[in-house]
Participant: 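Got a structure for you, written out below as structure tokens; questions coming shortly.
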Amino acid sequence: MEELKRRSDCPITLSLDIFGDKWTLLILRDFIFFDNRHFNHLVTIESISTNILTDRLNRLLANRIIKKEVDPNNRSAYLYSLTRKGLDLVPIVMDIYRWGANYTEKNNAEKDFKKKIDFEYDKTVEEIKNRLITTHSIV
């Protein structure tokens with residue numbers, strides 16, 4: 001993974017340097033909404049190339065947003081999981097989803113889910129976080 005040079009000390013800039021590119025946000029989307037946690041499942045994301053996926057996973061690992069462990073169900077594969085720090089990105093990804101569902105044309109937002117986040121946003125975020133705490137074994 002290439003070391004990123006700090007452009008400034010602005011918290012927004014520093015955050016975007018870690019997770020602000022298209023691919024990283026799509027990887028986080030797949031962790032949060034689809035529970036895609038294996039490399040082979042993640043590589044199908046919008047036709048991401050394996051070298052880009054490897055780079056983005058390494059950046060998330062280096063910043064302790066995800067962890068990588070041997071898959072207990074397949075000892076020859078790795079399982080990626082969100083950490084507590086990664087869990088704190090759920091509201092950000094949810095806000096991007098909600099904004100896109102409300103302001104982009106011809107999107108494929110699920111109507112029931114969109115209604116749920118429009119009217120029960122905090123409860124929905126909490127439900128997703130609780131599910132992830134369990135499925136990703138977040139302590």
Participant: What orientation do Trp99 and Tyr103 show, parallel under 30°, tilted 30 to 60°, or perpendicular over 60°?
Facilitator: tilted
Participant: Can you list, pair by pair, the side-chain donor-acceptor contacts under 3.5 Å of residues 123-130, counting residues two or more places apart and other chains?
Facilitator:
residue: Thr124; atom: OG1; partner: Glu120; partner atom: O; Å: 2.7
residue: Glu127; atom: OE1; partner: Lys116; partner atom: NZ; Å: 2.6
residue: Asn130; atom: ND2; partner: Glu126; partner atom: O; Å: 3.2

Participant: Do Tyr80 and Asn36 have side chains that approach each other closer than 4.5 Å (heavy atoms only, starting at C-beta)?
Facilitator: no
Participant: Do Glu46 and Trp23 have side chains that approach each other closer than 4.5 Å (heavy atoms only, starting at C-beta)?
Facilitator: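 With C-beta onward as the side chain, the pair touches.
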Participant: To the nearest 0.5 Å, tell me how far Leu14 CG sits from Ser8 OG.
Facilitator: 5.5 Å
Participant: Rounded to the nearest 0.5 Å, what separates atom CD1 in Ile65 from atom OG1 in Thr24?
Facilitator: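 Here the rounded value is 8.5 Å.
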Participant: Within the 3.5 Å criterion, strictly below it, is a donor on His136 or Asp35 matched to an acceptor on the partner's side chain?
Facilitator: yes
Participant: A side-chain contact here means heavy atoms from C-beta on lying under 4.5 Å apart; do Arg56 and Ile45 qualify?
Facilitator: no
Participant: Which pair of heavy atoms, one from Asn40 and one from Thr44, lies closest together, and at what distance?
Facilitator: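 In terms of heavy atoms, the two residues are closest at O-CG2, 3.8 Å.
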Participant: In chain order, what residues pass the ring-ring contact (aromatic ring centres under 6.0 Å, His included) check against Phe33, with sequence neighbours excluded?
Facilitator: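 With sequence neighbours excluded, Phe33 shows a ring-ring contact (aromatic ring centres under 6.0 Å, His included) to Tyr97, Phe113, given in chain and number order.
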Participant: Within the 4.5 Å heavy-atom criterion, are Asp17 and Arg7 side-chain neighbours or not?
Facilitator: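 Answer yes - side chains close enough.
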Participant: Does any non-hydrogen side-chain atom of Lys68 lie less than 4.5 Å from one of Leu79?
Facilitator: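 When only atoms from C-beta onward are counted, Lys68 and Leu79 do not touch, as no gap falls below 4.5 Å.
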Participant: For the side-chain contact (heavy atoms from CB on, under 4.5 Å) test, which of Thr50, Leu57, Asn51 pairs with Leu53?
Facilitator: Leu57
Participant: Inspect the surroundings of NE2 in His41 and state if more than 12 heavy atoms from other residues, nucleotides or ligands are less than 6.0 Å away.
Facilitator: no
Participant: Working to the nearest 0.5 Å, report the span between NZ of Lys111 and CG of Asp118.
Facilitator: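 Separation between the atoms: 12.0 Å.
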Participant: Determine, using the 4.5 Å side-chain heavy-atom cutoff (strictly less than), whether Phe34 and Phe19 are members of one ILVMFWY cluster.
Facilitator: yes
Participant: Take a 6.0 Å sphere around CG of Asn74 and say whether it holds more than 12 heavy atoms from other residues, nucleotides or ligands.
Facilitator: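 Enclosed.
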Participant: Treating Ile, Leu, Val, Met, Phe, Trp and Tyr as nodes and any side-chain heavy-atom pair under 4.5 angstrom as an edge, say whether Leu16 and Ile96 lie in one connected cluster.
Facilitator: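 Leu16 does not cluster with Ile96.
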Participant: Is any side-chain heavy atom of Asp71 less than 4.5 Å from a side-chain heavy atom of Tyr78?
Facilitator: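 Side-chain contact under 4.5 Å: no.
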Participant: In residues 85-95, what donor-acceptor pairs under 3.5 Å come from side-chain atoms, sequence neighbours left out?
Facilitator:
residue: Lys85; atom: NZ; partner: Asn63; partner atom: O; Å: 2.7
residue: Asp95; atom: OD1; partner: Arg98; partner atom: NH2; Å: 3.3
residue: Asp95; atom: OD1; partner: Tyr121; partner atom: OH; Å: 2.8

Participant: Check whether any side-chain heavy atom of Leu82 sits under 4.5 Å from a side-chain heavy atom of Leu28, and report yes or no.
Facilitator: yes
Participant: Quick one: pull up CD1 in Ile66 and CZ in Arg59 and give me the separation to the nearest 0.5 Å.
Facilitator: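 If I round to the nearest 0.5 Å, the distance is 11.5 Å.
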Participant: Side-chain heavy atoms under 4.5 angstrom apart, residues restricted to Ile, Leu, Val, Met, Phe, Trp, Tyr: same cluster for Leu60 and Ile133?
Facilitator: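 Same cluster.
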Participant: What are the two closest non-hydrogen atoms of Lys114 and Ala101, and how far apart are they?
Facilitator: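 Scanning both residues completely, I find the closest heavy atoms to be CE-O, 3.8 Å.
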Participant: Inspect the surroundings of CZ in Arg84 and state if more than 12 heavy atoms from other residues, nucleotides or ligands are less than 6.0 Å away.
Facilitator: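 Above 12, so yes.
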